[in-house]
Protein chains: 2
Amino acid sequence: MKTSIEDYIKHIYTLQDSKRRVGTAVLAQKMDITMPSVSEMVKKLTAAGYLRNKPYHGFLLTGEGEKIAVSLIRKHRLLEYFLLKVLNFEWDEIHQEAETLEHFVSDKFIDRLESVLDFPKFDPHGHPIPDGKGRIPNAKSLVLSDTVIGRNYVVSSVDDKSREILKYLKGIGIKIGSGFRIHDMLEVDKSVIIKFERKKYLLSKTISDSIRVTAK
Amino acid sequence: MKTSIEDYIKHIYTLQDSKRRVGTAVLAQKMDITMPSVSEMVKKLTAAGYLRNKPYHGFLLTGEGEKIAVSLIRKHRLLEYFLLKVLNFEWDEIHQEAETLEHFVSDKFIDRLESVLDFPKFDPHGHPIPDGKGRIPNAKSLVLSDTVIGRNYVVSSVDDKSREILKYLKGIGIKIGSGFRIHDMLEVDKSVIIKFERKKYLLSKTISDSIRVTAK
DNA sequence: ATATAAAATTAGGCAAACCTAATAAATGAT
DNA sequence: ATCATTTATTAGGTTTGCCTAATTTTATAT
């Protein structure tokens, strides 16, 4: 399977996770390419049976398409785990390397790796790792903006796309499993103020959006 | 660096190892592509400073080109070692997987892997693994056709390109370190007859060419 | 109901890496 | 020294995935 096709499928998968359907414009923006490029590829993916498309109403992955997406995510997360735990990469380095390798390691490679790593259930960013059959352990977590002021939460996952954010959080000591209280939420720009280890920190909307927590 | 460019460089490197200079025709045959394709790429590689070309007399890698080749070989061999020893792949499976991955693992990845594997000096086929600075431990080995009838030898390496040959050798029990005596060499087709563990085996020229040994 | 803005597509191009067919250049065997 | 053979290159074409510019389609806000 071609890298480019896999990339489209993966991006569509993550987008359709939140919004119900994905449009050409949104996908183009997310992938940082132009709309005609997306349009063309959507045609191809639809013909290949990975996508069902309703122009001006968005498209969705078929079962086939989802299978590929989940397999890629499985590879990505197991690779991240391996890079961090075995090869001692830093928290903020593993995403890039995994992003490349996920397209080239075989299923056999990843199954063996999973077994050697002793079947981890979550990757280093707290995201669940799909098993060999595509089943995904679900952790009912929520985004910071859905939390309640005054309550306590535990970090369950952090989006791994931005190295800057990962570095920043690492700097103030927040990691998977860290607990904090929601101190306040600013109306102006949706910033969140948390109280973590006796200190208050303001997290911009972008940062807080990348953190998922569970109630404690 | 593009996969295609790396592939050319690697193939040129292995060819210039035996013959002094490499020509368009030979390389095309080895890579299973046409001469015009090679011609075109040779122009590009020359412009990029990886190759020095003397039309009708062949080309050679520059220092730059060799550096890339050695780095790829280092990645390939460490990956093979990892696949066999850690992920428990079979002897005849590792080449293919390593061939793909070698183009996509970063230098950092491979350095960390080397360290986790405790700095192996030879890969599972008996080939020396270049170190991080490109130095290659040399084992003065010879091809079976350069051996002497009646003498004893130890297998030091086996070419990893053909799964069939690897499987066959595995079947009769020959591996790195196996010792045998050269019993005879047939003039007709350069076959070699060896005596290994009390039994005689005939090895076709193709097979014997893929085995390197050291005198014992 | 219609105009405008947003979304999508079409048309036409480019670069990379391959191809076939045709041609040119060099080697080397006589 | 010549000429057949081998080696290499040119010319022109294909596919893939991207691009810009132009155009069409749809949604929706009044």
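Source: prediction; values computed, not measured. Letters A, B, ... mirror the listed sequences (proteins, then strands); counts begin at 1. Hydrogens, waters and symmetry mates are skipped; everything else that's a heavy atom, side chains included, is used.
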Base, sugar-phosphate or nothing for [X]? Non-hydrogen atoms, less than 4.0 Å.
X: Ser37(A); answer: base
X: Phe59(A); answer: nothing
X: Lys54(B); answer: nothing
X: Thr34(B); answer: base

Among the nucleotides [options], which one has an atom lying closest to any side-chain atom of [X]?
X: Ile33(A); options: dC19(D), dC18(C), dT9(D); answer: dC19(D)
X: Lys44(B); options: dA7(C), dT9(C), dA17(C); answer: dA17(C)
X: Pro36(A); options: dT10(D), dC19(D), dG17(D); answer: dC19(D)
X: Met35(A); options: dT9(D), dC19(C), dT9(C); answer: dT9(C)

Looking at [X] and [Y], does any basic side-chain N land under 4.0 Å from a carboxylate oxygen?
X: Asp123(B); Y: Arg74(B); answer: no
X: Lys190(B); Y: Asp209(B); answer: no
X: Lys108(A); Y: Glu93(B); answer: yes
X: Glu97(A); Y: Arg112(B); answer: no
X: Lys10(A); Y: Glu102(A); answer: yes

Send over the distance from [X] [atom1] to [N] [atom2], rounded to a whole Å.
X: Lys2(A); N: dA16(C); atom1: NZ; atom2: P; value: 17 Å
X: Asn53(B); N: dT7(D); atom1: CG; atom2: P; value: 15 Å
X: Glu40(A); N: dT16(D); atom1: CD; atom2: P; value: 10 Å
X: Met41(A); N: dT9(C); atom1: CE; atom2: P; value: 14 Å
X: Arg21(B); N: dT27(C); atom1: CZ; atom2: P; value: 13 Å
X: Leu45(B); N: dA8(D); atom1: CG; atom2: P; value: 15 Å
X: Met31(B); N: dA17(C); atom1: CE; atom2: P; value: 11 Å
X: His11(A); N: dC18(D); atom1: NE2; atom2: C1'; value: 16 Å

Give a yes/no answer on whether the side chain of [X] brings an N or O atom under 4.0 Å of OP1 or OP2 in [N].
X: Tyr8(A); N: dC18(D); answer: yes
X: His57(A); N: dT26(D); answer: no
X: Ser4(B); N: dA17(C); answer: yes
X: Lys43(B); N: dA8(D); answer: no

Handout entry: Donor-acceptor pair (no angle test) under 3.5 Å: Tyr56(A) side chain, dT25(D) base
Key =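 Counting by modelled atom types and ignoring angles, a donor-acceptor contact under 3.5 Å is found here.
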Fill in the blank from the handout: Result for side chain to side chain donor-acceptor pair (under 3.5 Å) between His95(B) and one of Arg163(B), His125(B), Lys161(B), His76(B) points to His76(B)
